[in-house]
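Computed from a prediction, not measured in an experiment: that's the story for all the values here. Heavy atoms only: backbone and side chains are in, while hydrogens, waters and symmetry mates are out.
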Amino acid sequence: MDQGEDIKDTTRAGALVVTFDEVTRSDVSLVGGKNASIGEMIVGLGRKGIEVPPGFATTARAYWHFVDYNGIRQEIGLLIEQWKSGQASLAETGHAIRQLFLRGAWSADLVNAIRLAYRDLSAQVGIKDVGVAVRSSATAEDLPDASFAGQQETFLNISGVDDLLNACRRCYASLFTDRALSYRQAKGFDHLRVALSIGVQRMVRSDASGSGVMFSIDTESGFDQIVLINAAWGLGENVVQGTVNPDEYQVFKPFLKDKYLVPIIEKKQGDKKLKMVYGGDGIPTRNIPTSKAERAAFVLENQEIIQLSRWACIIEKHYGCPMDIEWAKDGVTGGMFIVQARPETVHSRRDAGVLRTYRISKKGPLLTAGLSVGDAAVSGRLCMIETAKDAKDFFDGSILVTKTTDPDWVPLMKRAKAIITDHGGRTSHAAIVSRELGLPAVVGTGNATYVLHTGQDVTVSCAEGDKGFVYEGISDIATETLDLANFPSINTKIMINLANPAAAYRWWRLPTDGIGLARMEFVVTNAIRIHPMALVHFDQLKDIKVKEEIANLTIGYENKPKYFVDKLAHGFAALCATVYPKPAIVRMSDFKTNEYSGLIGGAEFEPNEENPMIGFRGASRYYSPLYEEGFALECLAIKRLREEMGFTNAIPMIPFCRTISEAERVLHAMADHGLKRGEHGLQVYVMCEIPSNVILAAEFANYFDGFSIGSNDLTQLTLGVDRDSGELADLFNEQDAAVEWMITQVIGTAHRSGCKVGICGQAPSDHPEFAKFLVKAGIDSISVSPDSFASVKAYAAASEQERLSAITNESNML
């Protein structure tokens, strides 16, 4: 056996070529990690419905055979030693070794083996000289601590034996690209102990449809209950390389077994400006612009998103770990295929018992934004680099700004503090490598190289959700590390207030008891931006500019109100998913009229009020002719969230409900729109934020399943103090004796009526010691901002212990 070989299966030790259905994932030393995984799926998952294109692989034996047939083993070793000793540069070494391979000749037996395997594959699929993808698969690849993602070359749409042999030779040479050499050196791999297998797989005609990448885990937070899918038109290299900004879909895994549910949490449309198609005239592939129709359309239909997600779950279960998967759709047959799968290598190594959070203050003006990669934040000086060849101009420790990256950029990326790109999605090369290197990155900004410049001081924030921000100047960044294993066990439920769906996954590891307050206004303001009545009455809008703006935002929606329902349901789905099956209390809209007027198109539908704080807001809007059609859309979104997506943990909550008759009218309106209390397990809560809610708590308990105390408004209306008044700031105190009396009263009444009662006001977050009073009063749950969770839970635990000690002492005295 040649030096460098380590083939355990002696029955195949002499084989130069094997078909994919002859190998499994235990054959990494024979055909490399990528090809072993393809064989594993064909052999182990074909009967479970996973479609994988057929093909074959050259073996590690074939690689060493090529090396020794051309007598270049010793010369490779000498060139590497010269590089290590500083006698030659990385670029000089890589180029010299690659030339050894590119000038190499094929032995007759290796040519015959490849020719016969290619002939058999063509016969199997019934196409003469079938088009194939030719991929490199190293024997040190897709390991738990080293992914080698994108280290070697891939060639698409190769047809005919001569072109296939040329592609194979170039694959062998790519084992010694500069990036591969530096990566192996950094990881401690012996360059002459790593062989390369070549995978030859039938091409899926995704040039006539679409393709992409999916993960069986959230790539940024590690949230393990979703499948993340990226999709673009044409062949998949543009998604992997980050050349385009793809569509993004998120699917909730636990509901995929129910055929009646469509648990698609999120659908974001990418611009998809280019697509890779078959070339011609000797060029295998080329990029062409997409049409306006393609840019405006989603690549995948809902049923295709669900099918891919189910496949991701099957593959993950089979491998026993989160997976990074490439997929393609055949535009000729309409079939879906998995073309690669490898273990995810970032979150699988992260300490799940520790949560690190970043808080940014003194933010400068926002310069640009994109998708966040990672969850950290850093400040530093920018360095813009056009191409990897300009790496010499990069200052170590700077923040790299560029259009896009590919594997040639890896040595430079290692020297960066953070990365910002114009193009790319969460599964692009820039995103994957940044995660592996532990660098925060903002990708797909669209304009970073236009609005930023070398030498500029900025703050890169990936700590605010799935959107990443670049702020001008050096901000203050505070870091906090929580040991999730050391939280005390207590009876009082500690929940969190979450408004931003984009940031929800950051907190999934917190041992919360659910979401105590999810504000509809945040989703409407940030994800929808349009007044619901302007969507309902789009054709009658008087302002032409407003109408044009709404038309642009709702491209693809002939039914404008459906835009509101879709966006609202998806926004709340992300929140509900992070805590399922624990409750997520969703407060229906509570905009004031001046705030509603600020939404696009809102000015035509809102009255002017002297005091919006106690005006036309909350429950009073839901049955009013001025807004009842808008409330119908809110209800449709909640109904879809619960009944179509499956998030039955969502509990709608009614704000600012002043009277018992108003409670009756609101519940009647909800039932008219498909949300009837008690049906399908539906509970309805009410905010307790008006003195009448306390005074008539027993009567309100007949109409609602729970109370949530809004301490801000309750304090304002109990003390008669405008909470926004600077002159009266000293009088506004949520711990005032009168406010505490109101809270104690409603807790007692609610419990006597068999209702749950919690608090979702700001007081416990701003003053964690307030939790002691609440626990003593017997409150069921306290909902706080996520960054206050640890301190509030500690205060609540101490209060429970004091209360228990007092009861014990009293018993002893008796």
Side-chain angles (χ1 to χ4, degrees), residues 53 127 129-135 150 153-160 163 166-167 170 201-214 229-249 268-301 304 326-337 339-340 370-371 386-388 402-409 421-431 443-450 555-556:
I127 302 174
D129 290 340
V130 63
V132 292
V134 182
R135 295 187 173 93
E153 298 292 350
T154 292
F155 303 96
L156 303 177
N157 191 30
I158 303 300
S159 181
D163 286 348
N166 286 333
R170 292 164 70 189
Q201 188 176 38
R202 180 192 176 180
M203 280 291 295
V204 176
R205 289 296 308 273
S206 58
D207 62 300
S209 184
S211 55
V213 178
M214 64 178 170
I229 303 174
N230 277 180
W233 298 112
L235 303 174
E237 291 302 293
N238 282 339
V239 176
V240 175
Q241 294 172 3
T243 311
V244 298
N245 296 332
D247 291 345
E248 180 174 299
Y249 317 111
K268 292 181 182 176
Q269 203 166 71
D271 55 34
K272 309 180 293 290
K273 292 182 179 180
L274 296 172
K275 67 175 177 179
M276 185 177 286
V277 298
Y278 285 6
D281 297 327
I283 301 173
T285 62
R286 63 193 177 102
N287 266 321
I288 62 173
T290 51
S291 66
K292 289 183 178 179
E294 287 173 319
R295 296 179 193 183
F298 285 111
V299 173
L300 294 175
E301 301 291 338
E304 294 168 334
E326 293 183 27
W327 62 271
K329 180 182 177 181
D330 195 304
V332 177
T333 67
M336 304 288 287
F337 294 88
V339 295
Q340 287 190 53
L371 298 173
E386 292 287 337
T387 71
T402 190
K403 290 181 179 178
T404 187
T405 70
D406 61 33
D408 288 327
W409 287 77
T421 69
D422 285 346
H423 308 296
R426 295 188 196 286
T427 55
S428 64
H429 175 269
V443 301
T445 62
N447 65 351
T449 58
Y450 181 76
I555 288 176

Report task. Taking the side chain as every heavy atom from C-beta outward, state whether Val299 and Lys275 have any pair of such atoms under 4.5 Å apart. Result -> no
Query raised in the report: Is Asn157 reaching over with its side chain to a backbone N or O of Pro284, donor-acceptor style, under 3.5 angstrom?
Result: yes
Query raised in the report: Between Thr290 (side chain) and Lys273 (backbone), is there a donor-acceptor pair under 3.5 Å?
Result: yes
Query raised in the report: Taking Asp422 for the side chain and Thr449 for the main chain, is one N or O donor matched with an acceptor at less than 3.5 Å?
Result: yes
Query raised in the report: Would you say the side chain of Tyr278 lies within less than 4.5 Å of the side chain of Arg205, judging by non-hydrogen atoms?
Result: yes
Report task. Quick one: closest heavy-atom pair of Val132 and Met203, and the distance? Result -> C-CG, 3.3 Å
Query raised in the report: Looking only at heavy atoms, what is the nearest atom pair of Ala231 and Tyr249, with distance?
Result: CB-CE1, 3.8 Å
Query raised in the report: Would a distance-only check, ignoring hydrogens and angles, find a side-chain to backbone donor-acceptor pair under 3.5 Å from Ser428 to Gly242?
Result: no
Query raised in the report: What are the two closest non-hydrogen atoms of Val332 and Asp330, and how far apart are they?
Result: N-OD1, 2.8 Å
Query - Min side-chain heavy-atom separation Glu237-Thr285 under 4.5 Å - result: no
Report summary line: Separation between OG1 (Thr402) and CH2 (Trp409), nearest 0.5 Å, reads 3.0 Å
Query - Polar side-chain atom of Gln201 near backbone of Pro53 as donor-acceptor pair, under 3.5 Å - result: yes
Query raised in the report: What pairs with Lys329 under salt bridge (charged side-chain N to carboxylate O under 4.0 Å, His left out), at least two apart in sequence or on another chain?
Result: Glu304
**Report entry** Interatomic distance, Leu371 atom CG to Asn230 atom CG [nearest 0.5 angstrom]
**Finding:** 8.5 Å
Report summary line: Residues Glu294 and Lys272: closest non-hydrogen pair is O-CE, 3.4 Å
Requested in this report: Just do the side-chain contact (heavy atoms from CB on, under 4.5 Å) check on Met276 and Leu156 with the steps written out, would you?
Outcome: CA-CA 10 Å; Met276 185 177 286; Leu156 303 177; 4.3 Å; yes
Query - Audit row: Leu274, His423, side-chain contact (heavy atoms from CB on, under 4.5 Å) steps and yes/no - result: CA-CA 11 Å; Leu274 296 172; His423 308 296; over 6 Å; no
Report summary line: Heavy-atom nearest pair, Gly425 first then Ala431, reads O-CB, 3.5 Å
Query raised in the report: Just one of Thr243, Thr404, Thr421, Thr405 clears the side-chain hydrogen bond (donor to acceptor under 3.5 Å, both in side chains) bar with His429, so which one?
Result: Thr405
Query - Under the side chain to side chain donor-acceptor pair (under 3.5 Å) test, residues paired with Thr445 that sit two or more places apart - result: none
Report task. Check the pair Val239 / Thr427 against side-chain contact (heavy atoms from CB on, under 4.5 Å), numbers first and verdict last. Result -> CA-CA 7 Å; Val239 176; Thr427 55; 3.5 Å; yes
Query raised in the report: Who are the side chain to side chain donor-acceptor pair (under 3.5 Å) partners of Arg286, not counting sequence neighbours?
Result: none
Report summary line: Rounding to 0.5 Å, atoms CG (Asp163) and CZ (Phe155) come to a distance of 11.5 Å
Query - Backbone of Gly424 reached by a side-chain donor or acceptor of Asn245 within 3.5 Å - result: yes
Report task. For the pair Arg426 and Glu248, find out whether any cationic side-chain nitrogen is under 4.0 Å from an anionic carboxylate oxygen. Result -> yes
**Report entry** Check: Asp271 and Arg295 side chains under 4.5 Å, non-hydrogen atoms
**Finding:** no
Report task. State the CH2-OG distance between Trp233 and Ser211, to the nearest 0.5 angstrom. Result -> 10.5 Å
